[in-house]
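Just below is one structure, and these are the notes that go with it.
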Amino acid sequence: MPLNYDRNFHGPISARDALGGSLNVPAVKALDHVGLNNMISLATRMGITTLNNADRFGLALTLGGGEVRLIDLTSAFGVFAAGGIRAPTTAILKITNARGDLIYQWTPPASERILDERISYLITDILSDNNARLATFGPNSVLQIGRPAAVKTGTTTDYRDNWTVGYTPELVAGVWVGNANNAPMINISGVAGAGPIWHEFMRAVLLGKPETKFDQPNGLARVEVCALSGLLPTDYCPHKRVEIFIEGTQPTARDNFYQPFKVDAATGALADSNTPPNRIVTQVFLVLPPEAQEWAREKGIPQLPVNSYQLSVSSNLKITSPDDKTVYKISPRLPISNQQVSFNAVSAKAFNEISFVLDGVVIATVRESPYQAFWQLAEGKHSLKVVGVTREGEKVESAAITFEVKP
């Protein structure tokens, strides 16, 4: 049950703010989306040497569920610092004898491009953006060293480890803090434990050296977007900002979170053909995806009035897990009874009950939110949908998704 460090959910949030603020839940969702094997493969190419047995790990890998070495993690961040190129690490540059004769001289091997330089720059731009981490770390945290620097903290859920790894264009440094006997620390986070050490080291080493900036490569576009949705702003979007995109991936659609509606000023309901014209006013509502509407209600964000329009757009059920076309693999190292996946569905409207229908057979019926069921992996190609009955007696059915389980 992943939680953010502050034990709060934050609703819709950009990738920039999620990464800059070290939010756990978006990281878990990202790993679930790209797939564990893909993530481990990339991490290995970037220099992580301890994640070679994928069957040991799950989505908790984002929250400290896998062991990594400090030198490996620092080397991997060096790939971002070097614009996507990996240079192997070494501890010994040369060896001489007592007379000063050269016995050994390290020769750097050929470097390998791991990431597109534009992707590396996007990561660097986020990790060096003090505004992106403002909500979590405040405006004057130890992550600032008085010059451009990209930095990331990390804290395992039991406080056994905390990390700070960061870089300037010329230097990468990583700090680990923990107990030598692996005992948990007491409420010591990455920014409180490793952060000050990293800060003091970087300032000391770079003292007197000229300040350098991260070079932006070609092929990037800066576009003004609506801050919450990341789409092109409309006249109704209250907060805009400029975001960076790889050319060709910038948004083309207009924001659909902030929408105007005609409302009956006397009743507060949506206006219809029977509403007197003198009572019709225009109001802008934040229309969030179904996954976020329960959060919005809890936060007191004004919701679209309940009437026929809302029933037509927000009572639809939506499967949020698994993603369509997900591929699972049965592990031979674990009992099959322990290999289960979570089926999840959401809806903005309350239901009397919803049922998970797998390959035409109802496998679970849930009568209250969260709408979730667990299913033991079974080899084959499968189709999943959810059907439900609203409090008004309306029968609603979700779009079907497909997934596969391989032996």
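Numbering starts at 1 and runs along the sequence shown. Just so you know, these numbers come straight off a predicted model, no measurement behind them.
Between Asp72 and Val68, the closest side-chain pair of non-hydrogen atoms is not below 4.5 Å. Glu112 places none of its side-chain heavy atoms less than 4.5 Å from the side chain of Ile85. Within the 4.5 Å cutoff, no side-chain heavy atoms of Arg45 are placed close to those of Arg86. Proximity of Phe257 to Leu288: side-chain heavy atoms (C-beta onward) are separated by under 4.5 Å at one or more points. Thr164 places none of its side-chain heavy atoms less than 4.5 Å from the side chain of Ile197. Between Thr89 and Thr74, the closest side-chain pair of non-hydrogen atoms is not below 4.5 Å. Looking at Val142 and Trp198, their side chains never come closer than 4.5 Å, going by heavy atoms from C-beta outward. Put simply, the side chain of Leu115 does not reach to within 4.5 Å of the side chain of Ile123, judged on heavy atoms.
Under a cut-off of 6.0 angstrom, the local environment of CD in Gln105 is crowded, with over 12 non-hydrogen atoms contributed by other residues, nucleotides or ligands. Environment of NZ in Lys240: crowded, with over 12 heavy atoms of neighbouring residues, nucleotides or ligands closer than 6.0 Å. The environment of OH in Tyr236 is sparse: at most 12 heavy-atom neighbours from other residues, nucleotides or ligands sit within 6.0 Å. Ile103 CD1: more than 12 foreign heavy atoms inside a 6.0 Å radius. The environment of Asp235 atom CG is sparse: at most 12 non-hydrogen atoms of other residues, nucleotides or ligands sit within 6.0 angstrom.
Using modelled atom types and a 3.5 Å distance limit, the side chains of Thr153 and Arg133 yield no donor-acceptor pair. Gln372 and Ser342 form a side-chain donor-acceptor contact under 3.5 Å, judged by distance and modelled atom types alone. In this model, a donor atom of one side chain and an acceptor atom of the other lie less than 3.5 Å apart for Lys152 and Ser22.
Separation of atoms CZ (Phe57) and OG1 (Thr62) is listed at 12.5 Å; rounding is to 0.5 Å. How far CD1 of Ile95 is from CG of Asp101: 13.5 Å, rounded to the nearest 0.5 Å. Note that the CG atom of Asn162 and the OG1 atom of Thr156 stand 7.5 Å from one another [nearest 0.5 Å]. Considering CG of Leu377 and NE2 of His382, their distance stands at 8.0 Å, rounded to 0.5 Å.
Applying the side chain to side chain contact (heavy atoms under 4.5 Å, CB included) criterion to Ile280, with sequence neighbours excluded, gives Lys262, Ala271, Thr275. In this view, Thr124 and Tyr167 satisfy the side-chain hydrogen bond (donor to acceptor under 3.5 Å, both in side chains) rule, not counting sequence neighbours.
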For residues 242-251, please give each side-chain donor-acceptor pair under 3.5 Å, one per line with the distance, not counting sequence neighbours.
residue : atom : partner : partner atom : Å
Glu243  : OE1  : Arg16   : NE           : 2.9
Glu243  : OE2  : Arg16   : NE           : 3.0
Glu243  : OE2  : Arg16   : NH2          : 2.6
Thr249  : OG1  : Ile246  : N            : 3.4
Thr249  : OG1  : Ile246  : O            : 2.7
Gln250  : OE1  : Gly248  : N            : 2.7

Counting only pairs under 3.5 Å, give me each side-chain donor-acceptor contact of residues 207-218, with atom names and distances, residues two or more places apart or in other chains.
residue : atom : partner : partner atom : Å
Thr212  : OG1  : Glu170  : OE1          : 2.8
Gln216  : OE1  : Arg222  : NH2          : 2.9

Please list every donor-acceptor pair under 3.5 Å in which a side-chain atom of residues 24-42 meets a protein atom from a residue at least two apart or in another chain.
residue : atom : partner : partner atom : Å
Asn24   : ND2  : Leu3    : O            : 2.8
His33   : ND1  : Asp323  : OD2          : 3.2
Asn38   : ND2  : Val34   : O            : 2.8

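Legend: disulfide bond (SG atoms under 2.5 Å apart) pairs involving residues 151-246, not counting sequence neighbours, sorted by first then second residue: Cys226-Cys237.
Using the six-membered ring where Trp is involved, Phe403 and Trp375 have ring planes that are perpendicular, over 60° apart on the 30 and 60° scheme.
For Lys381 against Asp359, the heavy-atom pair with the smallest separation is O-OD1, 4.2 Å.
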